[in-house]
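Structure, as structure tokens:
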Amino acid sequence: MRAAWAGLCCVLIASGPALARDITGARFTGPVTHYAHGILGDGIEYSGMTLRLSDRRSYEIRFRPGTRVFEDIAPRLWDVTGDGRPEVVVIETDPAQGAQLAIYGLGADGTPARLAATPHIGQPNRWLAPIGAADLDGDGRIEIAYIDRPHLTRRLRVWRYENGGLTHLADLDGLSNHRIGWDFIPGGIRDCGQGPEMVTADGDWHRVMVTTYRNGRLASRATGPYTGPGSLDAALGCD
């Protein structure tokens, strides 16, 4: 479910006792319909997100009414800083500027904060589909990958969270991982013994593609025919 456990926020509400903490769960809240894109198969997006912490506290992040939304399936708990503790990675959309990838984590005071975000795509009804986060090139730092406009531009983009922000590393055109109306994103990142690889389809949805990021460069190869979204998920198993 799109709102299941797994914005620029205007309200942050806490509840529960204060102890040492990590983020242990997240879910979207506050369904809204003012952004009529429907890329995930319906007209509902979300104006809020609740974060659940290991000390049993919960925090709600909410956007101002009628402004940006979480245009996403569910929050992702990914470690993007490399410290072994999860951050929350989401797709946020501004109605005038389109989607961006945003990262939430715990600030210096131990409360949730928006840590960084990619630039907005730049116009309405333009979206992105995350692939995953991993140390793609083996240098000890975490990279984050997504497909920019999987239905139009079909561009794989790789970024790294460092020094409190996101640094753009590389792009590769001709790949996709989402079709209009899907409320899921197949594929992801696998490691079959040779290091992390990104699994997507090619831009024409004919082949399953595996892409690596090494020495500052992206390289793709086909591993078989695309026969439906299940073929991308099956490729994650290294068969």
Side-chain angles (χ1 to χ4, degrees), residues 6-8 20-26 49 51 53-54 72-92 99-121 128-150 153-177 185-200 209-221 223 232 235-236 238:
L8 200 51
R21 61 190 69 175
D22 290 315
I23 298 172
T24 59
M49 178 171 63
L51 303 184
L53 305 187
S54 56
D72 205 347
I73 296 162
R76 299 157 192 82
L77 268 61
W78 291 348
D79 175 16
V80 301
T81 62
D83 64 358
R85 304 165 69 181
E87 285 72 44
V88 181
V89 178
V90 294
I91 307 166
E92 291 182 11
Q100 65 181 163
L101 193 81
I103 301 169
Y104 288 81
L106 299 182
D109 62 355
T111 61
R114 192 174 189 257
L115 302 181
T118 63
H120 290 281
I121 290 172
L128 60 88
I131 298 173
D135 180 6
L136 296 176
D137 57 359
D139 69 352
R141 295 175 291 179
I142 304 296
E143 286 76 43
I144 305 169
Y146 64 82
I147 300 293
D148 177 359
R149 289 159 287 181
T153 305
R154 303 180 180 93
R155 176 174 297 150
L156 170 62
R157 310 202 79 189
V158 176
W159 300 70
R160 179 183 292 137
Y161 179 78
E162 56 186 353
N163 301 319
L166 284 166
T167 300
H168 176 237
L169 301 178
D171 291 343
L172 184 65
D173 288 346
L175 300 170
S176 187
N177 62 344
I185 302 172
I189 295 180
R190 71 180 192 180
D191 190 337
C192 300
Q194 303 298 317
E197 301 173 313
M198 294 165 275
V199 177
T200 68
M209 303 296 293
V210 170
T211 304
T212 58
Y213 176 69
R214 304 281 190 274
N215 301 314
R217 300 174 64 88
L218 290 162
S220 287
R221 70 183 190 278
T223 61
L232 300 185
L236 296 175
C238 304

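Heavy-atom basis, side chains included; hydrogens, waters and symmetry copies ignored.
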* Is the backbone of Leu101 close enough, under 3.5 Å, to the side chain of Thr118 for a donor and an acceptor to pair up by distance? -> yes
CG (Leu128) and CD1 (Ile121) are apart, to the nearest 0.5 Å, by 5.0 Å
So CG of Leu136 and OG1 of Thr212: to nearest 0.5 Å the spacing works out to 9.0 Å
Heavy-atom closest pair (Ala235 atom, Arg190 atom, distance to 0.1 Å) is O-NH1, 2.7 Å
In short, Gly132 meets Trp78 closest at the heavy-atom pair CA-CH2, 3.3 Å
What one should report as the nearest heavy-atom pair of Pro130 and Asn177 is O-ND2, 3.4 Å
Quiz item: After noting the C-alpha distance and the side-chain angles of Leu169 and Asp137, does the key distance pass the side-chain contact (heavy atoms from CB on, under 4.5 Å) rule?
Solution: CA-CA 11 Å; Leu169 301 178; Asp137 57 359; 5.8 Å; no
Tested for side chain to side chain contact (heavy atoms under 4.5 Å, CB included) against Arg160, the lone hit among Leu166, Asp139, Asp135 is Asp139
Value for CE (Met209) from CZ (Arg221), rounded to nearest 0.5 Å, stands at 9.5 Å
Q: Determine the interplanar angle of the Trp159 and Tyr146 rings, folded into 0 to 90°, and report it as parallel if under 30°, tilted if 30 to 60°, perpendicular if over 60°.
A: parallel
Rounding to 0.5 Å, atoms CG (Asp173) and CZ (Arg157) come to a distance of 9.5 Å
The reported gap from CD in Glu197 to OG in Ser220 (rounded to nearest 0.5 angstrom) is 10.5 Å
Which of Ile91, Val88, Ile144 passes side chain to side chain contact (heavy atoms under 4.5 Å, CB included) with Arg76? It is Ile91
Does Arg155 use its side chain to pair, donor to acceptor, with the backbone of Asp171 at less than 3.5 Å? no
Rounded to the nearest 0.5 angstrom, the CG-CG distance for Leu156 and Leu175 is 6.0 Å
- Query: Counting heavy atoms not belonging to Asn215, are there more than 12 under 6.0 Å from its CG?
  - Reply: no
Item to check | Side chain Asp79, main chain Thr81, donor-acceptor under 3.5 Å | outcome: yes
Of all heavy-atom pairs linking Ala116 and Gly164, the shortest is CB-O, 4.3 Å
(message) Let's go through Leu172 and Arg217 carefully: what are the C-alpha distance in whole Å and the side-chain angles of both, what is the deciding distance for side-chain contact (heavy atoms from CB on, under 4.5 Å) to 0.1 Å, and is it a yes or a no?
(response) CA-CA 9 Å; Leu172 184 65; Arg217 300 174 64 88; over 6 Å; no
Scanning both residues in full, the closest heavy-atom pair of Ser176 with Pro150 reads OG-O, 2.7 Å
### Query
Just by modelled atom types, is the Val80 backbone N or O under 3.5 Å from a matching donor or acceptor in the Glu87 side chain?
yes
CZ/Arg214: more than 12 non-hydrogen atoms of other groups inside 6.0 Å | yes
Per side chain to side chain contact (heavy atoms under 4.5 Å, CB included), Ile131 is matched among Val199, Val158, Ile189 by Ile189
Indicate yes or no: at least one non-hydrogen side-chain atom of Leu53 is less than 4.5 angstrom from one of Ile23. yes
message: Go through it in stages, so that I can follow the logic: the residues are Glu143 and Met198, the test is side-chain contact (heavy atoms from CB on, under 4.5 Å), and I'd like the CA-CA distance, side-chain angles, deciding distance and then a yes or no.
response: CA-CA 11 Å; Glu143 286 76 43; Met198 294 165 275; over 6 Å; no
When every non-hydrogen atom of Ala102 is compared with those of Glu92, the smallest separation belongs to CB-OE2, 3.4 Å
